[in-house]
Number of protein chains: 2
Amino acid sequence: MTEIKKNPIGVLERGLLLLSCFTQQSPRLQLRELSALSGLDKATALRALKTLVIWGYLEKSPDGAYSPGPSNLRMAAIFKTTSNFVSRLEAPIGNISRRVELTTSFFVRSNNDRVCLARDFSHQDFRYFIDVGASVPFSEGGAAAKILLAHTEPENAESAKIIEDGFYISRGELNKHFASVATPLFETDGSFLGAITITGMTVDLDDHTLKGFTKIIREEMASMGFFSGQPR
Amino acid sequence: MTEIKKNPIGVLERGLLLLSCFTQQSPRLQLRELSALSGLDKATALRALKTLVIWGYLEKSPDGAYSPGPSNLRMAAIFKTTSNFVSRLEAPIGNISRRVELTTSFFVRSNNDRVCLARDFSHQDFRYFIDVGASVPFSEGGAAAKILLAHTEPENAESAKIIEDGFYISRGELNKHFASVATPLFETDGSFLGAITITGMTVDLDDHTLKGFTKIIREEMASMGFFSGQPR
DNA sequence: CTGTGTGTTTTATTAAATGAAATACATTTC
DNA sequence: GAAATGTATTTCATTTAATAAAACACACAG
């Protein structure tokens with residue numbers, strides 16, 4: 001969550017806005033930075049930060065910098081136990097990775113980021129890839145972001161075609177050496193869950209190959225009762 | 001976090017109070033339950049829940065139940081990258097587990113719970129043990145809780161002795177078949193970090209054996225610059 | 001010791017949170 | 001099938017807390 005919301009009304013929302021300022025790239029922020037990033041007054045931010053520290057959602061280092069606290073780990077652990085579909089995804093994701101010999105990931109939308117909920121690392125050649133739990137703002141693009149945006153804000157002009165196609169191929173959007181194909185993932189009842197992505201080296205992957213992967217995704221996901229591709 | 005705070009002033013605090021209602025045991029709660037658990041008015045809770053859902057810290061199932069959302073995973077991932085001492089702990093925890101052939105864990109205090117930040121499962125015989133990120137309220141006791149309480153609220157009468165001893169042995173507090181020894185863990189500068197615990201079957205572990213483990217903890221932790229035992 | 005960049009506290013003003021009641025919407029019961 | 005029950009949601013006058021500007025404190029650098 002990098003995008004700054006214009007008019008956050010309510011302290012709770014302001015507090016969450018402060019949390020959203022933290023990223024993998026800038027996991028430690030001081031009051032000045034947080035105030036600037038969130039657009040909140042120093043005093044306002046300080047008050048919210050204090051409560052967040054008290055409740056363990058942030059920590060304050062002796063040098064004055066804030067960073068996420070252990071309460072997040074607690075909540076994440078509970079999230080994993082409830083999110084039944086994440087555990088159902090692990091097997092098919094592993095199978096896909098094995099068959100295509102590339103890294104397969106599952107992303108959901110959370111506000112204006114895509115968050116990685118599951119991933120198979122077995123064919124990871126480069127330490128480029130982000131970890132489970134990591135998030136990237138939509139603005140930085142990528143195939144998964146396109147799918148998520150199309151299915152959560154269908155009014156977009158580009159969205160209609162992406163939904164129609166049932167997949168999206170991106171080349172070099174995040175890193176010039178990588179290409180990805182992403183497909184939407186649906187629950188049995190047709191509800192949208194997120195995006196499955198297969199990523200590999202651009203040189204190895206022509207569009208025909210990438211499109212062929214969508215069939216593999218569909219097959220493996222069907223085995224666990226998921227549906228992937230064009231919505232029916 | 002199970003204990004209910006008496007007078008939470010401020011919406012942010014009320015929102016965090018709602019989050020704290022979720023536990024491993026009850027990861028799904030509906031408005032009625034949340035309202036009862038937190039002591040907040042239905043309407044008040046509902047407003048806070050809405051924003052928490054919007055920001056991805058909670059999810060709302062079609063059946064109306066709320067549960068933790070993916071944003072927690074995002075924050076937890078960032079927490080892990082900043083919490084440098086957690087990664088420094090992994091090696092010594094693994095070594096201790098290998099030497100004592102039992103499960104070793106590290107807990108910190110977060111509000112009124114102890115949260116597990118690191119654990120070695122290699123000698124786990126029973127599926128009893130909780131996972132990393134899991135938390136247990138202090139009220140349910142356990143050796144780690146005693147240590148954490150003693151070092152974060154030293155004014156307590158019992159605390160003086162626990163600090164003096166540098167360890168605490170518990171038997172059957174959480175489960176009658178298990179016994180644990182816990183020691184405080186300090187950073188090089190003497191600041192308190194949390195509690196290291198070794199847990200095993202009561203029948204295998206007399207007090208002398210458990211006390212002997214504290215020496216192993218001290219040795220292994222010292223190798224990474226930590227200090228464990230009586231504060232100096 | 002003066003200046004600059006921080007974090008923190010204070011306080012009158014302003015804006016948002018509250019909660020009781022009304023409404024809506026299921027599901028169950030008779 | 002109608003009434004009853006339990007739950008979620010909206011509304012709105014009242015109350016309460018959040019706000020932000022300014023003043024203060026504190027460290028560090030030149």
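To find a chain, count down the sequence lines: A is the first, B the second, and so on, and within it residues start at 1.
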Chemist: Please determine, by modelled atom types, if B/Ser180 and B/Thr197 share a side-chain donor-acceptor pair under 3.5 angstrom.
Modeler: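 B/Ser180 vs B/Thr197: no donor-acceptor pair found between side chains.
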Chemist: Mind calculating the distance between CG (A/Leu29) and P (C/dT6) to the nearest angstrom?
Modeler: 14 Å
Chemist: I need the CG-P distance between A/Asp63 and C/dG7, as an integer number of Å.
Modeler: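 Going from A/Asp63 (CG) to C/dG7 (P), I get 10 Å.
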Chemist: Round to a whole Å and report the spacing from CG of B/Leu49 to P of C/dT18.
Modeler: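 It works out to 12 Å between those atoms.
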Chemist: How close or far is atom P of D/dT19 from atom CG of A/Leu17, stated in whole angstroms?
Modeler: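 Answer to the nearest Å: 12 Å.
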Chemist: Cationic tip of A/Arg218 within the cone over A/Phe227's six-membered ring, i.e. under 6.0 Å and within 45° of the normal?
Modeler: no
Chemist: B/Leu12 CG to D/dA18 P: how many Å, rounded?
Modeler: 9 Å
Chemist: Can you confirm whether the side chains of B/Arg74 and A/Ser110 place a donor and an acceptor under 3.5 Å from each other?
Modeler: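 Looking only at side-chain atoms, A/Ser110 and B/Arg74 do not form any donor-acceptor pair under 3.5 Å.
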Chemist: Is there any protein nitrogen or oxygen under 3.5 Å from a nitrogen or oxygen in nucleotides 8-14 of chain D, and what are the pairs?
Modeler:
residue : atom : partner : partner atom : Å
D/dA8   : OP1  : B/Leu31 : N            : 3.3
D/dA8   : OP2  : B/Arg32 : N            : 3.0
D/dT9   : OP1  : B/Lys60 : NZ           : 2.6
D/dT9   : OP2  : B/Lys60 : NZ           : 3.2
D/dT10  : OP2  : B/Lys50 : NZ           : 2.5

Chemist: Take the angle between the ring planes of B/His151 and B/Phe186 and call it parallel below 30°, perpendicular above 60°, tilted in between.
Modeler: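 Because their plane-to-plane angle is over 60°, the rings of B/His151 and B/Phe186 count as perpendicular.
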Chemist: For B/Leu40 and D/dT16, what is the distance between atoms CG and P respectively, to the nearest whole Å?
Modeler: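 About 17 Å, once rounded to whole Å.
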Chemist: Thinking salt bridges, do A/Arg109 and A/Glu153 make one under a 4.0 Å N-O criterion?
Modeler: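 Salt bridge present between A/Arg109 and A/Glu153.
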Chemist: Hey, does the side chain of B/Thr44 come within less than 4.0 Å of C/dG19's phosphate (OP1/OP2), counting only N and O?
Modeler: yes
Chemist: Evaluate the side-chain hydrogen bond (donor to acceptor under 3.5 Å, both in side chains) criterion for residues A/Ser61 and A/Arg28: first the C-alpha distance (whole Å), next the side-chain angles of each, then the deciding distance (0.1 Å), finally the verdict.
Modeler: CA-CA 9 Å; A/Ser61 328; A/Arg28 291 168 49 81; 3.0 Å; yes
Chemist: To the nearest Å, how far apart are A/Leu34 CG and C/dT6 P?
Modeler: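 So the two atoms are 13 Å apart, to the nearest Å.
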Chemist: Taking CZ from A/Arg14 and C1' from D/dA18, how many angstroms apart are they, rounded to a whole number?
Modeler: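 Roughly 8 Å, once rounded to whole Å.
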